[in-house]
Amino acid sequence: MECRKENKDGVIVLVVDGAIDHETAAAFEQAVMPSLDEAEAAGTGLVFDMSGVDYMSSVGLRVLMLAAKAAKQKSISVVVAGLQATLAEIFQISRFDKIFTIYDTADAAVAGVRG
Amino acid sequence: MQVKFWGTRGSLPVAMKADKVRGKIVQALQAARGKNLDDDQAIADFVDNELDFSVAGTYGGASSCVEIDFGNDEFVLCDMGSGLREFGFDSLRRINEGGKKGAYSFFMSHPHWDHIMGFPFFAPAFMPTNNLKIVGGHDIEFALRRQQDNPSFPVPLDWMGAPREFQVMKDGEVLDTGAFTVKIRKQPHHGDSYGYRFEKGGKTVVYTTDAEHKLDDLDDFDAHIEFMRGADLVIFDTMYSMADAISVKEDWGHSSNIVAVDMCHQAGVKHLAMFHHEPVFDDAMILQNHTETIRYEELVRPGDDVLRISCAYDGLVIDV
Ligand SMILES: [Zn+2]
Ligand SMILES: [Zn+2]
């Protein structure tokens, strides 16, 4: 798994690549939490660009849930973009599609977060 | 070993209402349109092979009670939910038919109401010729006594004539009954719950319900995976969706289908039985959960070994 941070029009975009599983979940979590702080400082939100993620098990879902909870406390929005078909199914089965706003692309997500 | 489910519902028994029965009949008749169903065999085949289980059958609504038949003359049960009432009558029939005697062992997950409510209605407990052994990590005798004390029930526990023996096991303890061995494990739940790993002749069945396995509690996660390691069948609490289990229903004491599949994969389990169904769910929703869980297993399967997934229903029998 690789994680790259971008700032698009003040919105923090976390571009994630590879598999989020038991081996990589801790690294994913470590990348997410500082990004939330940055998004809070920018007063905008955080976009997970998941277009490069081909595998995610429950440990990855947990990190997303932690991010959603932290974002609620910080009064910022966290959204998800670019889910591959497999991941979209996992979101639906775990009912994460009811917790997160999901955009087709990162650009659409950035526009959505900026309102 | 043979596992028979007498009660599979979580928290509270439920019963189907008239509108749901009507809905099933309407769906069945719609599906029958244009089919040649002139003879009774054709009708039976159509019902058995062409209708969804949620239309042709039901998951049932009795609360937790599972029988494990080790092929000897004694009865072994996990929990005493409302499904125990029907088991009790069936066991008397089987004793009459020969092959079984009135010896009953119970392995109790915990004394929450949905897991003990069948006991006052367990007919064999009223017969002095039967013997009961009740094993758990809690003081189950206290819970059974209180359940039947005034003003909650007209018949106190001591009125029930079958001799009772209670045994409290400690976390991690192994009991060798001669017919099988059983290991107990303390699980995260309000007031704790206990899972049981039964082994006989190289076959393993794990009964693990009412447990909230949190993804950030790695000690519990890893220990529970070891507890389930290589099991032929795991009966697992899949009451909530993953999103609910870690948000609005966090700390309510139950796990999800997603966590069940991930843990079974890591433990190399062969067969998962989804259990302790949410009472709010109707048959169509439970079937959808089952279908989605099979799909999730396919999506995240780490190797070539397929984890078989059943959705327990009242009356289901699984040979191990
Ligand atoms: Zn329960
Ligand atoms: Zn409970």
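Worth saying up front: this structure is predicted, and the values here are computed from it rather than measured. Proteins come first, then strands; the chains are lettered A, B, ... in the order of their sequence lines, and each starts at number 1.
- Residue-environment remark: NZ (B/K186) stays at or below the threshold of 12 foreign heavy atoms within 6.0 Å.
- With respect to chain A, the highest number of heavy-atom pairs below 4.5 Å among B/I246, B/V259, B/I258 belongs to B/I246.
- For A/E38, the CD atom is densely surrounded, since the number of other residues' heavy atoms within 6.0 Å is greater than 12.
- For CG of B/D305, the number of neighbouring non-hydrogen atoms (other residues, nucleotides, ligands) closer than 6.0 Å is 12 at most.
- Within a 6.0 Å radius of NZ in A/K72, other residues, nucleotides and ligands contribute 12 heavy atoms or fewer.
- The part of B/N257 that comes within reach of chain A is its side chain, from C-beta onward, which places non-hydrogen atoms under 4.5 angstrom from that chain.
- Counting non-hydrogen atoms of other residues, nucleotides and ligands closer than 6.0 Å to CD of A/Q73 gives a total of 12 or fewer.
- Considering only residues two or more places apart in sequence or on other chains, B/H189 meets the ring pair (Phe, Tyr, Trp, His ring centres under 6.0 Å) condition with B/H110, B/H112, B/H254.
- When heavy atoms are compared at a cutoff of 4.5 Å, B/Y240 does not approach chain A at all.
- Within 6.0 Å of the NZ atom in B/K183, the count of heavy atoms belonging to other residues, nucleotides or ligands does not exceed 12.
- Interface residues of residues 90-105 of chain A toward chain B, defined by a heavy-atom distance below 4.5 Å and sorted by number: A/I90, A/Q92, A/I93, A/S94, A/R95, A/F96, A/I99.
- Expressed to the nearest 0.5 Å, how far CE of A/M56 lies from CG of B/L299 amounts to 11.5 Å.
- Of the atoms belonging to B/E250, it is side-chain heavy atoms, and not backbone ones, that fall under 4.5 Å from chain A.
- How far CZ of A/R62 is from CG of B/D262: 13.0 Å, rounded to the nearest 0.5 Å.
- Chain B forms the most heavy-atom pairs under 4.5 Å with one residue out of A/S58, A/A25, A/S57, and that residue is A/S58.
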